[in-house]
S.K.: 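Sharing a structure with you now.
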Amino acid sequence: MTHRASAESRSSRPDSPFPAVANTDIHRVRETIITWFESAARPLPWRDADTTAWAVLVSEIMSQQTPVSRVEPRWREWMQKWPTPADLAQAPTAEVLHRWDRLGYPRRALRLQEAARVITEELDGHVPQTAKELERLPGIGSYTAAAVTSFAHGERTTVLDTNVRRVLIRLFAGRDRPSPSPGRAETEWAGQFVPETEHKQWNAGVMEFGALVCTARNPQCETCPLNDICAWQKAGRPTSAVKPKTQKWAGTDRQLRGAIMDVLKSAHENADGAHTGGSVPIDLFTTTTAKIDPDMLDELSGHTATKLDRVRDLSADSQRITRLIDDLVSDGLAARTKNVLQLPS
DNA sequence: AATGCGGGGTA
DNA sequence: TACCCAGCATT
């Protein structure tokens with residue numbers, strides 16, 4: 001009695017980040033979202049009935065911090081080229097990075113191949129069924145583990161991505177955006193909305209709702225089917241004072257790595273667009289550290305035999321690469337590819 | 001809890 | 001320019 005009462009009084013405080021929600025509202029939101037999803041869902045290929053768990057996992061990794069519209073064509077190419085974890089496990093890492101193309105965060109491609117090798121060599125080719133096991137794989141955190149558990153295996157979990165968090169925070173906390181990262185309390189709070197049945201439709205639907213209706217910018221509140229109960233709407237749609245800190249790009253090591261990777265990828269592709277499996281180690285430039293390691297440059301300089309004259313020059317000596325970097329930085333790295341490929345000697 | 005990690009589309 | 005995007009790993 002005392003335990004339950006204190007918990008309720010805590011969560012009922014008006015300034016609580018995760019306020020108590022009436023059962024009628026919970027049912028109303030479930031029903032509305034699931035019904036909306038039936039008619040409004042985008043026809044994403046990884047939602048097809050015959051999709052494999054591996055295909056779902058690939059889609060989730062690619063979609064981390066990357067808009068779905070950019071993921072879809074890459075995903076189609078990947079699944080045609082590497083339909084199973086065993087296929088990706090045996091692929092040349094340089095080609096894996098090349099086919100990752102410009103999705104960003106290329107370390108995800110490396111982690112995905114590592115995961116494919118674990119699944120192939122240690123798990124008999126089967127994607128793990130539980131979130132706990134999934135989280136042991138490289139590149140898979142709480143969100144991706146829950147998403148695969150729900151979308152690929154049909155198990156009831158709480159899927160909490162940036163879309164779900166924004167929708168629920170707006171509806172019931174009246175704030176415009178969630179905190180920078182979700183905590184245990186928020187996950188438990190969000191779990192009360194996941195129904196016993198149709199949990200997959202809820203998880204997918206509320207994500208989609210956040211992506212298409214309750215968006216971060218220009219939300220479609222006028223046509224929103226939940227605007228009558230939305231706490232954010234009732235409060236006048238206030239915007240939070242704290243702005244997220246945006247990361248630097250121009251002139252940073254990250255931009256430089258991207259520039260060099262562009263050159264290396266080009267060196268891996270012949271005139272027909274086929275992958276040559278060249279000797280230049282693309283993956284040297286997808287390390288987890290922020291710095292351009294001088295040892296990496298020395299190793300790169302030891303490789304020759306590339307298709308581009310520019311890269312052949314780059315490979316001739318490490319001092320030249322050092323000069324390239326200096327020039328790129330002094331140029332502010334404005335026109336990335338152009339500068340790398342056409343930098344005057 | 002903070003930080004680093006890519007790249008492109010959009011207001 | 002700044003913000004945002006189906007987050008994760010490290011410190």
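Since the model is a prediction, treat every value here as computed from it, not as a measurement. Letters A, B, ... are given to chains in the order of the sequence lines, protein chains preceding strands, and every chain is numbered from 1.
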S.K.: Return the value, rounded to whole Å, for the distance between atom CZ of A/R107 and atom C1' of B/dG4.
M.R.: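 That distance rounds to 6 Å.
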S.K.: Looking for any heavy atom pair under 4.0 Å, which part of the strands does A/A147 touch: base, sugar-phosphate only, or nothing?
M.R.: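 Nothing, no nucleic acid heavy atom in range.
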S.K.: Please work out if A/G104 contacts a base, only the sugar-phosphate, or nothing of the nucleic acid, heavy-atom cut-off 4.0 Å.
M.R.: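 Contact class for A/G104: base.
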S.K.: Heavy atoms under 4.0 Å, any strand shown: does A/P138 hit a base, just sugar-phosphate, or nothing?
M.R.: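 The residue A/P138 makes sugar-phosphate contact but no base contact.
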S.K.: With heavy atoms under 4.0 Å as the rule, sort A/R42 into base, sugar-phosphate or nothing.
M.R.: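 Counting heavy atoms under 4.0 Å across all strands, the contact made by A/R42 includes a base.
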S.K.: Please evaluate the base of B/dG6 for a donor-acceptor partner in the side chain of A/Q247 within a cut-off of under 3.5 Å?
M.R.: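 Such a pair is found, so the answer is yes.
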S.K.: What distance, rounded to whole Å, do you find between the two P atoms, one in B/dG6 and one in C/dT10?
M.R.: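 Taking atom P in both B/dG6 and C/dT10, they lie 14 Å apart.
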S.K.: Can you name the residues that form a side chain to side chain contact (heavy atoms under 4.5 Å, CB included) with A/R177, not counting sequence neighbours?
M.R.: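 Expected list: A/S240, A/K243, A/P244.
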S.K.: Please give, in whole Å, the distance from C/dA6 C1' to A/W46 CH2?
M.R.: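 Distance, rounded to whole Å: 9 Å.
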S.K.: Assign A/L112 to base, sugar-phosphate, or nothing according to its heavy-atom contacts below 4.0 angstrom with the strands shown.
M.R.: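 The answer is nothing, as A/L112 stays clear of every strand by at least 4.0 Å.
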S.K.: Both A/Q64 and A/K243 contact DNA chain C. Taking the nearest nucleotide for each, which residue is further toward the 5' end?
M.R.: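 Nearest-nucleotide comparison on DNA chain C picks A/K243.
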S.K.: Check whether any side-chain nitrogen or oxygen of A/R177 sits under 4.0 Å from OP1 or OP2 of C/dC4, and answer yes or no.
M.R.: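 True: A/R177 side-chain N/O within range (under 4.0 Å) of C/dC4 OP1/OP2.
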S.K.: Return the CG to CD1 distance between A/L171 and A/I229, rounded to the nearest 0.5 Å.
M.R.: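 A/L171 CG to A/I229 CD1: 5.5 Å, rounded to 0.5 Å.
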S.K.: Could you check whether the rings of A/F172 and A/W189 sit parallel, tilted or perpendicular, using 30° and 60° as the cut-offs?
M.R.: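 Aromatic pair A/F172/A/W189 classed perpendicular.
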S.K.: Under 4.0 Å between a side-chain nitrogen and a carboxylate oxygen: does that hold for A/E95 and A/R99?
M.R.: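 Salt bridge between A/E95 and A/R99, a charged N being under 4.0 Å from a carboxylate O: yes.
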S.K.: Using whole Å, report how far CZ of A/R108 lies from P of C/dC8.
M.R.: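 Going from A/R108 (CZ) to C/dC8 (P), I get 11 Å.
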S.K.: To the nearest Å, give me how far apart CG (A/L110) and C1' (C/dC8) are.
M.R.: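 So the two atoms are 14 Å apart, to the nearest Å.
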S.K.: What about A/T66, does its side chain sit under 3.5 Å from the base of B/dG6 through a donor-acceptor pair?
M.R.: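 Indeed, a donor on one side and an acceptor on the other fall under 3.5 Å apart.
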S.K.: For A/L103, which contact category applies under a 4.0 Å heavy-atom criterion: base, sugar-phosphate, or nothing?
M.R.: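 Base contact.
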S.K.: Is the shortest side-chain N to carboxylate O distance from A/R47 to A/E208 below 4.0 Å?
M.R.: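 Here A/R47 pairs with A/E208 in a salt bridge, since their nearest N and O are under 4.0 Å apart.
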S.K.: Could you pick out which residue, A/S59 or A/L137, lies toward the 5' side of DNA chain C when each is mapped onto its nearest nucleotide?
M.R.: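 Looking at DNA chain C, the more 5' nearest nucleotide goes with A/S59.
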S.K.: Taking atom C1' of C/dC5 as reference, at what distance in whole Å does atom CD of A/E208 sit?
M.R.: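 One finds 14 Å between C1' of C/dC5 and CD of A/E208, rounded.
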S.K.: Select base, sugar-phosphate, or nothing to describe what A/S69 touches, counting heavy atoms under 4.0 Å on all strands.
M.R.: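 The residue A/S69 makes no contact with any strand.
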S.K.: Apply side-chain contact (heavy atoms from CB on, under 4.5 Å) to residues A/V206 and A/V159 and explain how you reach the verdict.
M.R.: CA-CA 9 Å; A/V206 70; A/V159 177; over 6 Å; no
S.K.: Looking at B/dA2, I'd like to know if its phosphate oxygens (OP1 or OP2) sit under 4.0 Å from a side-chain N or O belonging to A/K245.
M.R.: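 Negative; the distance criterion is not met.
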S.K.: Find the distance A/I61:CD1 to C/dC8:C1' and express it as a whole number of Å.
M.R.: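 One finds 9 Å between C1' of C/dC8 and CD1 of A/I61, rounded.
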S.K.: So what does A/T162 touch, heavy atoms closer than 4.0 Å: a base, only the sugar-phosphate, or nothing?
M.R.: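 The answer is sugar-phosphate, as A/T162 gets under 4.0 Å only of primed atoms, P, OP1 or OP2.
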S.K.: Whole-Å distance between C/dG7 C1' and A/M62 CE?
M.R.: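 One finds 16 Å between C1' of C/dG7 and CE of A/M62, rounded.
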S.K.: Please report, rounded to the nearest Å, how far the C1' atom of C/dG7 is from the CD atom of A/E186.
M.R.: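 Distance, rounded to whole Å: 14 Å.
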S.K.: Going by the ring pair (Phe, Tyr, Trp, His ring centres under 6.0 Å) test, name the single residue among A/W75, A/W54, A/W78, A/F151 that passes it with A/W46.
M.R.: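 Filter result, single survivor: A/W75.
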S.K.: At less than 4.0 Å, is any side-chain N or O atom of A/Q65 found next to OP1 or OP2 of C/dG7? Yes or no.
M.R.: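 Affirmative; the distance criterion is met.
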S.K.: State, with a plain yes or no, whether a side-chain heavy atom of A/I33 is found less than 4.5 Å away from one of A/L226.
M.R.: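 Side-chain contact under 4.5 Å: yes.
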S.K.: Please measure how far the P atom in B/dA11 lies from the corresponding atom in C/dA6, and state the result in whole Å.
M.R.: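 Taking atom P in both B/dA11 and C/dA6, they lie 15 Å apart.
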S.K.: Please tell me if A/R166 has a side-chain N or O lying less than 4.0 Å from either OP1 or OP2 of C/dA6.
M.R.: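 Checking A/R166 against C/dA6: no side-chain N or O falls below 4.0 Å of OP1 or OP2.
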S.K.: If you look at every strand shown and take non-hydrogen atoms under 4.0 Å, does A/W100 touch a base, only sugar-phosphate, or nothing?
M.R.: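 Nothing: the residue A/W100, judged by heavy atoms under 4.0 Å, touches no strand.
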S.K.: Produce the list of close N/O pairs, under 3.5 Å, pairing protein atoms with atoms of nucleotides 9-11 of chain B; give distances to one decimal.
M.R.:
{"unit_1": "B/dG9", "atom_1": "N2", "unit_2": "A/R217", "atom_2": "NH2", "d": "2.8"}

S.K.: CG of A/L97 to CG of A/L103: how many Å apart, nearest 0.5 Å?
M.R.: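 Answer for the CG-CG pair, A/L97 versus A/L103, is 11.5 Å.
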S.K.: A/T144 side chain N/O closer than 4.0 Å to the phosphate oxygens (OP1, OP2) of C/dC8?
M.R.: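 Answer is yes, contact under 4.0 Å.
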S.K.: Sticking with atom C1', work out how far C/dC5 lies from B/dA1, rounded to a whole angstrom.
M.R.: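 Going atom to atom, C1' in each nucleotide, I get 23 Å.
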